[in-house]
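Below: one structure, written as structure tokens.
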Amino acid sequence: MKLILTLLDKTRPLFQEGGRFAALKPIYDAADAFLFSPLTRTSRAPHVRDPLDVKRYMSTVIIAIAPCLLAAIHFFGLRVLAMVLVSYAAGGAVEVLLAMFKKEEINEGLLVTGMLFPLILPPGLPLWMVALGSAFGVLVGKELFGGTGRNLFNPALIGRVFLALSYPRAMSAGWIEPGQGLVGRALEYATDAVTMATPLAAAKSGTWAALPKLFFGNVTGSVGETSALAVLIGGAFLLIIGIANWRTVAAMLGTFVIVTAGIYSGDPHAIIWHLLSGGLLFGAFFMATDPVSSPIMNSAKWVYGAIIGIATALIRNFTGYVEGVMFAILLGNIFAPVLDELFVTAHVRRLREEG
Amino acid sequence: MARLKGGYNIGLAGRPSSRVVDLPVPSRLVLPLASRCFRFGDIRVEEGARVSAGTVLATDPTRFSAPLIAAYGGTVRLDRVADHLILESLDEAPPGGLSGSDSAAPPGAASGSQADARDRLVSLGAWPFITDARTDLPVDPAATANDVIVSTVHLEPFVASADALLKGRLDSFVRGLEHLHELTQGGTVHVAVADDAGFATELAGLIAEHSWCRLHTVVARYPFGHPLLILRALGLGRDPKRPVWAIRTAGVLAIERALSSGAPGVERLIALGGPAVSEPVHLKAVVGYPIDEILENRLCGDDVRVISGGIFTGSDVSPGQSGLDAECEGLTVLRELGERHMLSFAMPGLSRSSYGRTFVSRLCPGGPPERLNTSLAGELRACVSCGQCIDVCPVGILPSVIHKFLHADEIDEVERMRVDLCIECGLCSYVCPSKIELLSDMCDARRLIREEHEAQKKMELKAKLEEEKRLAAKEALAAEEEATA
Ligand code: SF4
Ligand code: SF4
């Protein structure tokens with residue numbers, strides 16, 4: 001540990017203004033800050049600060065995604081790891097270039113976006129498409145739509161929409177037959193992508209996958225979303241430590257259940273089946289709860305979640321699309337600023353009455 | 001009383017025990033000529049003069065000539081330390097003639113008219129303890145109020161605790177409350193007591209027969225003892241014209257002492273705490289006591305930050321350069337951050353105390369408090385909209401939203417977001433994982449809005465004057481015309 005610290009200290013001048021690698025300063029700073037806590041002291045009151053920082057905040061999300069990642073490797077093979085690495089590399093490259101260009105620090109948000117993005121793609125997608133989508137998500141989804149902390153849309157979803165519009169064939173043909181048994185495909189790398197129906201698509205033609213398969217994730221679908229069990233484990237963790245807002249999740253799943261119940265006249269099997277299938281749970285716990293593209297007020301999060309839940313149920317059942325979560329969340333993102341305006345205004349008005 | 005929201009008690013190591021240590025006569029007194037509310041610009045003594053205990057050394061001409069009083073007799077030295085007045089070769093007599101031997105007013109002069117009482121409080125330096133509950137600034141001695149909020153809930157780590165202040169002095173405290181009732185000509189006295197205060201039942205018994213005195217129990221969570229929060233929770237804030245005073249435990253005792261025994265308010269019971277203090281206790285000191293002498297042999301470590309007041313709102317002092325100012329309620333000492341830790345963000349954090357739930361320590365609450373130092377504990381980042389600042393804010397405003405509007409220069413929006421309600425408790429800055437200086441933003445925003453309002457008022461005044469001038473000129477012209485006609 002001492003050694004690394006000395007090494008960092010020794011090489012620091014190279015990366016400072018005028019140093020040989022001054023252009024790479026953001027990379028150096030990121031590595032330095034990643035490995036060691038900073039020496040920055042408080043300069044004004046309050047004189048001490050809470051030990052939670054953005055790095056830890058983002059890391060907890062990574063921990064929460066881990067069960068999904070493991071399940072994905074089990075069902076779809078080591079290729080999933082390659083997708084994650086490619087996503088990180090491409091998104092990271094864009095982020096670093098932007099940071100160098102704008103002379104800013106590299107943002108930890110990438111840790112989460114880079115991991116979430118491959119998990120919402122078909123597991124058989126060519127790696128170069130993963131790279132392209134990830135880069136597009138960071139560049140357009142995050143930078144163009146407002147910049148870090150102000151982006152209107154979830155960057156990972158923007159990357160996916162981009163791919164879905166540009167390469168519709170690959171995006172609907174990139175499925176992999178899930179591995180069976182104890183080991184699954186965890187020791188295989190490449191398997192041929194096949195054109196086959198996801199449970200939701202099959203259901204449109206009347207074939208309903210068995211519930212246990214949906215629950216454990218033994219079905220085709222996007223990389224990280226198939227195993228409801230893994231999503232629930234990670235999601236519960238996020239709710240318990242308070243990083244994801246439970247109101248969004250509760251409102252989204254609650255309204256989804258109500259609308260689905262209405263459509264299927266209360267058939268419990270259909271409701272549970274729809275809850276477990278597709279990207280609904282993954283979207284509810286990991287995508288809709290993204291705080292930056294959600295509204296600010298807790299009260300507004302109820303409405304926000306409801307919009308997404310209702311929209312998902314409607315898109316799934318009444319349009320040509322078999323999966324509605326992605327568009328529903330983007331729709332929610334669009335409404336978020338409006339909800340903010342309404343709820344914040346109402347909130348400050350109440351403050352006025354309090355005096 | 002309405003329920004209070006938000007707030008948080010941080011787990012900071014070094015809470016002062018309620019043991020009170022008497023400090024010896026110091027080698028000299030270093031009296032600050034400026035404190036939060038006062039600027040003692042009018043110096044009444046000469047260089048080299050020998051003064052006795054209780055002498056008025058200087059006054060603040062801008063605030064009802066509030067006095068700076070010598071706690072011990074000694075020789076005056078000006079200009080030794082910038083902005084301070086020094087007293088050397090001190091007498092060994094008890095501080096400030098506490099026995100009443102040398103004070104400005106005869107002892108036992110509790111009776112007398114209202115005006116007398118006020119004069120005595122001003123001249124003995126006890127009046128400044130009374131503040132306007134809304135502005136937190138000392139009130140004018142001619143003013144009066146309908147209500148007085150007495151807050152015994154001192155929760156900021158670390159300032160003198162009410163338990164230490166009131167040990168064996170509850171009777172004096174109640175007499176002080178009676179004085180306040182008289183000073184306000186029958187105003188209601190609201191006493192806020194923390195729900196964990198040891199003296200609550202006894203106090204309730206003592207004031208039971210006073211119908212003008214109401215006891216309110218407050219959850220012991222920082223900053224719930226803030227008078228402004230209590231004022232709003234009691235619903236006294238609705239009528240902005242209704243004057244409300246605020247005073248803290250030490251102030252009530254000082255008023256009682258001044259009016260009952262005529263002793264000047266030069267003694268202070270302060271807390272000495274924080275992770276860098278070897279034995280955190282309460283200290284009995286006097287105004288001007290040199291801070292380096294207070295800290296001598298009481299610290300562990302050299303590289304420390306000494307804060308006058310608590311860690312949320314206090315300001316650093318350089319020990320060699322200063323003495324206790326009249327408003328100080330405690331000294332908190334932290335170790336300065338000195339070393340870097342590898343991958344500390346990824347550690348489970350068994351001993352970390354955090355507002356959120358991301359550290360394992362959450363599973364075993366009630367663990368030992370943390371030895372926090374002056375680390376910023378992370379890098380400055382853009383807001384991640386985690387909402388912690390909103391959750392923790394005791395007045396219910398939205399610090400992250402105000403921060404965004406302020407940095408977009410949308411000052412009208414900032415005003416609409418009610419930044420004026422902020423009580424500057426500092427919790428938002430404390431909890432922010434992006435390490436945004438929200439407290440400074442709130443202060444900046446309030447200042448900007450104040451300036452804008454003042455500029456606007458000036459403009460309006462100017463326009464009004466010009467309009468009047470124009471009218472006058474017109475009238476004069478008309479009169480002239482009439483005359484010529
Ligand atoms: S906005 Fe003001 S009152 Fe609210 S937490 Fe921050 S400093 Fe405290
Ligand atoms: S605590 Fe900091 S990061 Fe979180 S919402 Fe407030 S300003 Fe943003």
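So you know, we letter chains A, B, ... as the sequences are listed, proteins then strands, and number each from 1.
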Can you give me the closest heavy-atom contact between [X] and [Y], atom names plus distance?
X        : Y        : result
B:Ser385 : A:Pro291 : O-CB, 3.2 Å
A:Ser43  : B:Glu437 : OG-OE2, 4.4 Å
A:Ala45  : B:Leu439 : O-CD2, 3.6 Å
A:Pro38  : B:Gly378 : CG-O, 3.7 Å

Review point. Quick one: which of B:Leu376, B:Thr374, B:Leu334 gives a side chain to side chain contact (heavy atoms under 4.5 Å, CB included) with A:Arg41?
Key: B:Thr374
Review point. Per the side chain to side chain contact (heavy atoms under 4.5 Å, CB included) rule, which among B:Ile307, B:Thr313, B:Asn373 passes with A:His47?
Key: B:Ile307
Measuring heavy-atom distances to chain A, does [X] have an atom under 4.5 Å in its side chain, in its backbone, in both, or in neither?
X        : value
B:Leu337 : both
B:Asp239 : neither
B:Glu424 : neither
B:Leu398 : side chain
B:Cys386 : both
B:Thr332 : neither
B:Ile397 : both

State whether the side chain of [X] and the backbone N or O of [Y] hold a donor-acceptor pair below 3.5 Å, judged by distance alone.
X        : Y        : value
B:Ser354 : A:Pro51  : no
A:Arg56  : B:Thr358 : yes
B:Arg340 : A:Leu39  : no

Check your understanding: Is there side-chain contact between A:Thr40 and B:Lys435, with heavy atoms separated by less than 4.5 Å?
Key -> no
Practice item. Would you check if B:Arg381 and A:Asp53 make a side-chain contact, meaning some heavy-atom pair closer than 4.5 Å? Key: no
Review point. How many angstroms lie between atom CZ of A:Arg44 and atom OG of B:Ser315, to the nearest 0.5 angstrom?
Key: 14.0 Å
Point to revise | Gap separating the CD1 atom of B:Ile10 from the CZ atom of A:Arg49, nearest 0.5 angstrom | key: 11.0 Å
Quick check on [X] against chain B: is it the side chain, the backbone, both or neither that has a heavy atom closer than 4.5 Å?
X        : value
A:Asn245 : neither
A:Thr345 : both
A:Ile243 : side chain
A:Ile106 : backbone

Point to revise | A:Glu341/B:Arg416 ion pair, N-O < 4.0 Å | key: yes
Check your understanding: Taking NZ, NE, NH1 and NH2 as the nitrogens, is one of them in B:Lys404 or A:Asp340 under 4.0 Å from a carboxylate oxygen of the other?
Key -> no
Exercise for review: Output, in order, the C-alpha distance, side-chain angles, deciding distance and verdict of side chain to side chain contact (heavy atoms under 4.5 Å, CB included) for B:Glu379 and A:Lys55.
Suggested key: CA-CA 9 Å; B:Glu379 290 90 2; A:Lys55 261 182 294 178; 3.5 Å; yes
Practice item. Among B:Leu427, B:Val384, B:Ile390, B:Leu372, single out the residue with the greatest number of heavy-atom pairs under 4.5 Å to chain A. Key: B:Val384
Review point. Do A:Thr42 and B:Arg305 get their side chains close enough for a donor-acceptor pair, meaning under 3.5 Å?
Key: yes
Check your understanding: Would one find more than 12 heavy atoms of other residues, nucleotides or ligands at under 6.0 Å from atom OH of B:Tyr8?
Key -> yes
Revision key, fill the gap. Hits for side chain to side chain contact (heavy atoms under 4.5 Å, CB included) against B:Ser318, two or more places apart or cross-chain, chain-then-number order -> B:Gln321
